[in-house]
Structure formats: C-alpha cells, structure tokens
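To start, the structure under review is shown below, and the notes come after it.
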Amino acid sequence: MSQVILKGVTKRFGNVVAVDNIDLEIKDKEFIVLVGPSGCGKSTTLRMVAGLEEITEGDIYIGENIVNDVAPKDRDIAMVFQNYALYPHMDVYNNMAFGLKLRKFPKDQIDQRVKEAARLLGIENLLDRKPKALSGGQRQRVAVGRAIVREPKVFLMDEPLSNLDAKLRVQMRAELSKLHNRLQTTIIYVTHDQTEAMTMGDRIVVMKDGHIYQVGAPLEIYNHPNNVFVAGFIGSPAMNFLDVVLKKKDGKYIVEGETFQLEINSEKAASIENIDKYVDKSVIFGIRPEDIEDAAIVGDDPDYVTLDADVDVTEPMGAEVFVYFSAGDNTFIARLDASTHATAGSSLKVGMNMRKIHLFDSETEEVIR
C-alpha cells in the first residue's frame with residue numbers, strides 16, 4: 001500500500017507559518033493535485049513528504065510507517081523537479097540510471113528498467129544525448145523517466161510543466177495522465193495552474209496561506225465550491241462576483257443590485273436551506289462566465305433571467321468570445337457564443353443561468369448552503 005497521510009502537519013520558518021496544521025489522506029494509486037497561488041504552502045508540503053523539509057509539528061505516513069525521521073533516500077519516493085535537475089555531463093541513459101547505480105542494482109536490471117521507461121516515454125532515440133542537446137519537453141520526459149526507473153511507492157512532482165510552452169504543456173498533461181493509468185502508482189502533483197489541476201487530478205487540494213480550503217474531485221469543487229476563494233480560483237476565466245442584496249417578494253427570492261434585479265430559480269432557492277436567514281442582507285452573488293449567454297441566443301429558456309449591461313471589451317477566441325460587461329458599479333465577464341453581436345461600446349441584453357448561481361456570506365465569504 002502506498003497511501004500518504006498527513007496528520008496535523010505544520011511547518012514554520014522562524015515566525016512565518018508556511019503550512020498550518022493540515023490533515024490530508026492520499027489514497028493508494030491516487031493522482032492528487034495540490035493547487036493554489038504562489039506562497040500557499042503547496043511546494044513546502046510536497047518537500048516535507050519528500051523529507052527535504054523538516055516538519056515542525058505533526059506526522060507523515062507513507063504506507064503504514066511514520067517517516068518524520070526517515071532520510072529522503074529511504075522513503076521510497078521519487079521526485080520530479082520544476083527545473084528537471086538533470087546532470088549536464090551525463091547522457092540521458094546515465095541520467096536515468098544514476099539512482100539505480102547508487103543503489104547497486106545489477107547492470108542488466110538497470111538496463112532493462114531504463115529501456116522500458118524510455119519506451120514508455122518515447123525517448124528511446126535520445127538515450128545517448130546530453131541534456132543541452134534536448135528540448136524542454138524532452139528534458140521533462142527524461143526527468144520523469146529517471147523517477148519511473150526507481151519504481152517508487154510515491155511519485156512527487158513539483159510544477160514539472162511550468163517551463164514548457166503552452167502547446168507542449170497541454171500535450172504533456174495528457175501524457176502524464178496516461179502514464180499514471182499505466183503505472184498505477186500514487187502521484188502527488190503540485191501546480192499553481194488550475195487547468196492542470198482540473199484536467200489531471202483524481203482529487204484536488206486547494207490551498208491558501210498554508211491552509212487547505214477544500215478537497216474533492218475536480219467537478220465537485222467546480223460545481224460546489226466551499227467559499228469565495230475556491231470559487232474564484234477554480235475555473236477559467238474566474239467566477240464573477242457581484243455585491244447584491246437578497247430580497248423576498250411574493251414568495252420569490254431576488255438578488256438586487258444597483259441597476260438590476262434577478263429572480264433566483266425556484267429549485268435553486270429551495271436547495272439553499274438557510275436562504276431566509278439572509279433576506280434583506282448583503283450577499284455575494286457568484287456566476288461563472290460560461291453560465292452567462294447572449295439573451296438573443298438563449299431565447300425563452302426558463303433557467304435564464306435577462307440583464308441589460310454595457311459592453312466594455314470583447315476578446316474573440318474562435319469558437320467563443322470573452323465579453324467584459326458593466327452594470328452600474330458591477331463588472332463581469334461572459335463566455336458568449338461566437339455568433340453574438342456584442343461589440344465594445346454597445347449595450348447588450350444578457351441571460352444569467354439562475355439555476356447555476358452561487359450565494360456567499362458577505363462577512364465570512366463561505367458559501368450559503
């Protein structure tokens with residue numbers, strides 16, 4: 001079993017708390033992604049699992065064993081770094097074989113493992129090249145190959161795709177996911193890119209300021225964020241947040257802004273148990289850009305309520321258009337169908353999908369359940 005468990009793990013650097021009393025259970029063979037902005041503690045957490053950072057408080061288990069005082073080389077883990085950390089004077093074969101040679105593996109077993117990993121990664125023709133003769137994507141594959149040949153209990157990956165160009169990142173995301181399916185090994189992956197997290201992880205751990213804000217499957221976190229931070233961090237473009245007052249008129253719930261009123265879908269309102277507690281109070285109204293559409297396109301769809309807004313900027317993306325709107329003091333972005341007639345400086349009636357909205361407490365920024 002190669003599960004990883006963190007119990008009450010804290011890391012302090014002097015007076016700075018980098019990771020604050022986190023609990024996390026990573027299942028055997030799971031691909032879990034730690035995601036969050038720079039400085040949130042995700043890389044520090046990974047380095048503590050690896051043994052490269054000492055734990056201030058708490059316990060880390062790999063399998064059944066506490067590894068707090070176990071040296072990195074004895075934890076049966078393999079790490080892939082952001083900068084690949086290849087030896088420049090060695091060719092690809094020896095870079096991949098180096099860890100096995102240190103552990104005094106038989107020569108034929110080293111050869112078998114290196115060639116099998118190279119075949120898996122499609123780099124068999126690169127084994128005699130030095131790192132300086134490789135592209136960024138090829139170096140990244142070599143770094144992953146060096147980890148694979150170890151056949152560790154756990155792979156730790158610290159932003160391994162961040163140095164690649166956008167097209168290659170997309171390709172390598174798919175390659176790493178396929179690799180996980182083949183190897184069936186536990187992978188802990190760190191990134192600041194929420195698209196990587198959404199597309200690769202079995203589960204996502206969203207972190208901020210050394211705390212875990214939410215853990216769940218990608219679509220669970222996307223559809224049911226716990227708070228404003230998670231809602232705004234997961235999804236691209238980010239969720240729109242508008243300051244409104246919640247009203248109740250003739251048994252119907254309405255969010256009221258400076259220049260608009262939007263009636264909440266009755267089924268949505270019924271699903272919010274505490275909604276009456278917030279009537280006549282300020283709340284944060286959240287809606288994703290993909291849940292806003294040109295009213296002319298949605299027509300009479302009952303899930304949509306219309307709003308008149310001014311178009312500030314349009315960004316054609318090919319199959320869709322990102323349109324930035326303003327309504328009074330509120331601004332928001334929509335992902336509209338490419339057939340929209342929205343143009344900068346004009347007004348447009350947009351439809352808000354009121355079945356897909358989110359309401360948050362203005363003071364705590366927690367979701368209103």
Side-chain angles (χ1 to χ4, degrees), residues 2 4 28-33 46 49-52 62 72-191 193 196 199-202:
S2 53
V4 178
D28 182 38
K29 300 177 183 176
E30 185 173 29
F31 194 134
I32 198 159
V33 181
L46 193 78
V49 174
L52 301 176
I62 297 179
K73 66 183 178 64
D74 298 323
R75 293 194 181 194
D76 202 7
I77 53 96
M79 192 156 179
V80 180
F81 295 92
Q82 181 177 354
N83 62 359
Y84 317 132
L86 301 177
Y87 298 108
H89 63 288
M90 293 183 187
D91 61 22
V92 167
Y93 183 98
N94 284 295
N95 261 287
M96 292 171 66
F98 186 69
L100 300 180
K101 289 178 179 177
L102 283 181
R103 288 167 178 75
K104 310 232 182 305
F105 274 70
K107 191 173 181 182
D108 59 338
Q109 194 173 346
I110 293 174
D111 191 64
Q112 178 190 342
R113 287 197 187 187
V114 169
K115 288 179 176 174
E116 173 63 17
R119 186 188 62 76
L120 270 177
L121 295 163
I123 54 173
E124 299 127 301
N125 61 328
L126 306 178
L127 291 175
D128 59 350
R129 291 195 198 176
K130 297 277 180 68
K132 66 181 179 182
L134 304 176
S135 68
Q138 289 168 336
R139 291 181 195 179
Q140 193 264 350
R141 287 170 190 264
V142 174
V144 172
R146 185 174 56 188
I148 288 173
V149 298
R150 295 267 310 280
E151 297 182 3
K153 283 184 180 176
V154 183
F155 286 101
L156 307 177
M157 299 190 176
D158 190 5
E159 305 209 33
L161 308 185
S162 61
N163 290 337
L164 304 181
D165 63 64
K167 184 177 180 181
L168 194 51
R169 272 205 307 274
V170 172
Q171 180 186 335
M172 289 309 303
R173 285 204 305 261
E175 291 294 329
L176 288 176
S177 294
K178 284 194 284 186
L179 192 63
H180 174 247
N181 291 334
R182 286 186 205 140
L183 297 176
Q184 290 293 295
T185 307
T186 307
I187 296 178
I188 308 175
Y189 187 102
V190 161
T191 182
D193 184 337
E196 277 183 30
T199 54
M200 296 174 72
D202 297 326

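Side chains are part of it too, since the values below use all heavy atoms of this structure and drop only hydrogens, waters and symmetry mates.
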Task: Minimal non-hydrogen separation, N181 against Q184, with atom names - done: O-NE2, 3.0 Å
- [ ] With rounding to the nearest 0.5 Å, note down the distance linking CD in E30 to CD1 in I188.
- [x] 9.0 Å
- [ ] Not counting sequence neighbours, list each pair that qualifies as a side chain to side chain donor-acceptor pair (under 3.5 Å) and has a residue in residues 94-103.
- [x] D91-N94, N94-K101
Open item on the list: Going by side chain to side chain donor-acceptor pair (under 3.5 Å), name the pairs with one or both residues in residues 75-88, residues two or more places apart or in two chains.
Closed with: Q82-S162
- [ ] For P106, enumerate each residue passing the side chain to side chain contact (heavy atoms under 4.5 Å, CB included) test, keeping only those at least two apart in sequence or located in another chain.
- [x] D108, Q109
TODO: To the nearest 0.5 Å, tell me how far M96 CE sits from E116 CD.
DONE: 10.0 Å
Open item on the list: For L179 and I148: C-alpha separation, side-chain torsions, deciding distance, then whether side chain to side chain contact (heavy atoms under 4.5 Å, CB included) applies.
Closed with: CA-CA 10 Å; L179 192 63; I148 288 173; 3.6 Å; yes
- [ ] Output the distance between atom CD1 (I110) and atom OH (Y93), rounded to the nearest 0.5 Å.
- [x] 7.0 Å
Task: Partners passing salt bridge (charged side-chain N to carboxylate O under 4.0 Å, His left out) against K73 (at least two apart in sequence or in another chain) - done: none
Task: L52 CG to L156 CG distance, which is reported to the nearest 0.5 Å - done: 8.5 Å
Task: Euclidean distance, D193 CG relative to L161 CG, rounded to 0.5 Å - done: 8.5 Å
Open item on the list: I need the S2 OG to I77 CD1 distance, nearest 0.5 Å.
Closed with: 12.5 Å
Task: Residues which pass side-chain hydrogen bond (donor to acceptor under 3.5 Å, both in side chains) with N163, listed by chain and number, not counting sequence neighbours - done: none
Open item on the list: Going by side-chain hydrogen bond (donor to acceptor under 3.5 Å, both in side chains), name the residues that satisfy it together with Q112, two or more places apart in sequence or in a different chain.
Closed with: none
Open item on the list: Between Q140 and M172, is the side chain to side chain contact (heavy atoms under 4.5 Å, CB included) condition met? List the steps.
Closed with: CA-CA 9 Å; Q140 193 264 350; M172 289 309 303; 2.8 Å; yes
Task: Set of residues satisfying side chain to side chain contact (heavy atoms under 4.5 Å, CB included) with respect to E151, sequence neighbours excluded - done: R113
TODO: Locate the shortest heavy-atom distance separating A117 from G145; write the atom from each residue and the value.
DONE: CB-O, 4.1 Å
Task: Minimum heavy-atom distance R169-L164, with the two atoms named - done: NH1-O, 2.8 Å
TODO: Please examine the side chains of F31 and T186, heavy atoms only from C-beta on, and report whether any two atoms are closer than 4.5 Å.
DONE: no
Open item on the list: Quick one, L86 and K130 - any side-chain contact, counting heavy atoms below 4.5 Å?
Closed with: no
Task: Whether H180 side chain and G201 backbone form a donor-acceptor pair below 3.5 Å - done: no
- [ ] Might you point out which heavy atoms bring D158 and M79 nearest each other, and give the distance in Å?
- [x] CB-CE, 4.1 Å
TODO: Measure across L134 and V142 and return the closest heavy-atom pair with its distance rounded to 0.1 Å.
DONE: CD1-CG2, 3.9 Å
TODO: Could you tell me which residues satisfy side chain to side chain contact (heavy atoms under 4.5 Å, CB included) with D74, sequence neighbours excluded, listed by chain and number?
DONE: V70, A71
Task: Qualifying residue for side-chain contact (heavy atoms from CB on, under 4.5 Å) with M157, from L46, V190, L176 - done: L176
Task: E196: partners by side-chain hydrogen bond (donor to acceptor under 3.5 Å, both in side chains), with sequence neighbours left out - done: Y189, T191
Open item on the list: Within the structure provided, determine whether V92 and D128 are in side-chain contact (heavy-atom separation under 4.5 Å).
Closed with: no
Task: Smallest separation among heavy atoms of P88 and P131, with atom names - done: O-CD, 3.8 Å
Task: Partner residues of R173 under the side-chain hydrogen bond (donor to acceptor under 3.5 Å, both in side chains) criterion, sequence neighbours left out - done: T199
Task: salt_bridge(K107, D111) N-O dist < 4.0 Å - done: no
Task: Worked verdict on V49 versus V4 for side chain to side chain contact (heavy atoms under 4.5 Å, CB included) - done: CA-CA 8 Å; V49 174; V4 178; 4.2 Å; yes
Open item on the list: Restricting to salt bridge (charged side-chain N to carboxylate O under 4.0 Å, His left out), what partner residues turn up for K178, sequence neighbours left out?
Closed with: E175
Open item on the list: Looking at R150 and L100, would you say the former's side chain and the latter's main chain have a donor-acceptor pair under 3.5 Å?
Closed with: no
Task: Those residues that, when tested against S177, pass side chain to side chain contact (heavy atoms under 4.5 Å, CB included) (two or more places apart) - done: M200
